[in-house]
Amino acid sequence: MKLFGIKSCDTCRKALKTLEQADRPVTFVDLRGDAFGAEDLDRWLDKVDWELLLNRKSTSWRALADSDKLDIDRDKARALMLANPTLIKRPVTEAGDDIVVGFGSAQQATLLG
């Protein structure tokens, strides 16, 4: 299992701790690091809707120019998320062939169930 997130993100830290305490082997991958790239994002976009991955509530989204927020589609969202990985809703967890976005109660049930 791989958990993609940001080290300073409280939700990512909670998810990592919860999975480790449940004896679920997990590898943390920092979205801002070298281990994350277009291949990862494309794999996710093949399995989940881009609108689920794009975090429009983030400070990174609010900091974007208005022109970047207009006429957004899958390709534009992909380019924005690659350029600004903090636009990705986190954590993103790869568990086998499943991609789980976020760490609410439904996502926890999926990962721990």
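Any value given below was found using the heavy atoms of this structure, including those in side chains, with hydrogens, waters and symmetry copies removed. Just so we're clear, the structure is a prediction, and the values are computed from it rather than from any experiment.
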Visitor: Taking only residues at least two apart or on different chains, which pairs with a member in residues 39-50 satisfy salt bridge (Lys or Arg N to Asp or Glu O under 4.0 Å)?
Guide: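 Salt bridge (Lys or Arg N to Asp or Glu O under 4.0 Å) check on residues 39-50 returns Asp40-Arg43, Asp42-Arg78, Arg43-Glu94, Asp46-Arg74.
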
Visitor: Check for a donor-acceptor pair, side chain of Asp73 on one end and backbone N or O of Lys76 on the other, with a separation under 3.5 Å.
Guide: yes

Visitor: Is it possible for you to say whether Leu53 and Phe103 belong to one hydrophobic cluster, with membership spreading through side-chain heavy-atom contacts below 4.5 Å?
Guide: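 Hydrophobic grouping puts Leu53 apart from Phe103.
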
Visitor: Begin from the C-alpha positions of Trp44 and Phe4 and carry the test side-chain contact (heavy atoms from CB on, under 4.5 Å) through to its verdict.
Guide: CA-CA 11 Å; Trp44 303 342; Phe4 292 79; 3.4 Å; yes

Visitor: For residues Leu3 and Ala15, report the shortest heavy-atom separation together with the two atoms involved.
Guide: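 Smallest heavy-atom distance, with atoms named: CD1-CB, 3.6 Å.
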
Visitor: Where do Ile99 and Val92 land on the side-chain contact (heavy atoms from CB on, under 4.5 Å) test, with the steps shown first?
Guide: CA-CA 7 Å; Ile99 305 298; Val92 175; 3.8 Å; yes

Visitor: Which pair of non-hydrogen atoms, one from Leu111 and one from Ala95, has the smallest distance, and what is that distance?
Guide: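 Looking at all heavy atoms of both residues, the shortest contact is CD2-CB, 4.0 Å.
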
Visitor: Has Arg24 got a side-chain atom pairing as donor or acceptor with Leu112's backbone, closer than 3.5 angstrom?
Guide: yes

Visitor: Please check if the side chain of Lys69 supplies one atom and the backbone of Trp61 the other of a donor-acceptor pair under 3.5 Å.
Guide: yes

Visitor: I need the minimum non-hydrogen distance between Met81 and Trp50, along with the two atoms involved.
Guide: CE-O, 4.5 Å

Visitor: Between the side chain of Gln107 and the main-chain N/O of Val101, is any donor-acceptor distance below 3.5 Å?
Guide: yes

Visitor: Just do the side-chain contact (heavy atoms from CB on, under 4.5 Å) check on Thr93 and Met1 with the steps written out, would you?
Guide: CA-CA 7 Å; Thr93 308; Met1 186 180 304; 3.6 Å; yes

Visitor: With side-chain contact (heavy atoms from CB on, under 4.5 Å) as the criterion, how do Lys89 and Leu54 come out once you've worked through the C-alpha distance, each side chain's angles and the decisive distance to 0.1 Å?
Guide: CA-CA 6 Å; Lys89 189 178 288 182; Leu54 183 63; over 6 Å; no

Visitor: If you compare all heavy atoms of Thr11 against all heavy atoms of Pro91, which two are closest, and at what distance to 0.1 Å?
Guide: CG2-CD, 3.8 Å

Visitor: Which residues satisfy the salt bridge (Lys or Arg N to Asp or Glu O under 4.0 Å) test with Arg56, sequence neighbours excluded?
Guide: Glu51

Visitor: Mind listing the closest non-hydrogen atom pair of Val29 and Lys2 along with its distance?
Guide: CG2-CD, 4.3 Å

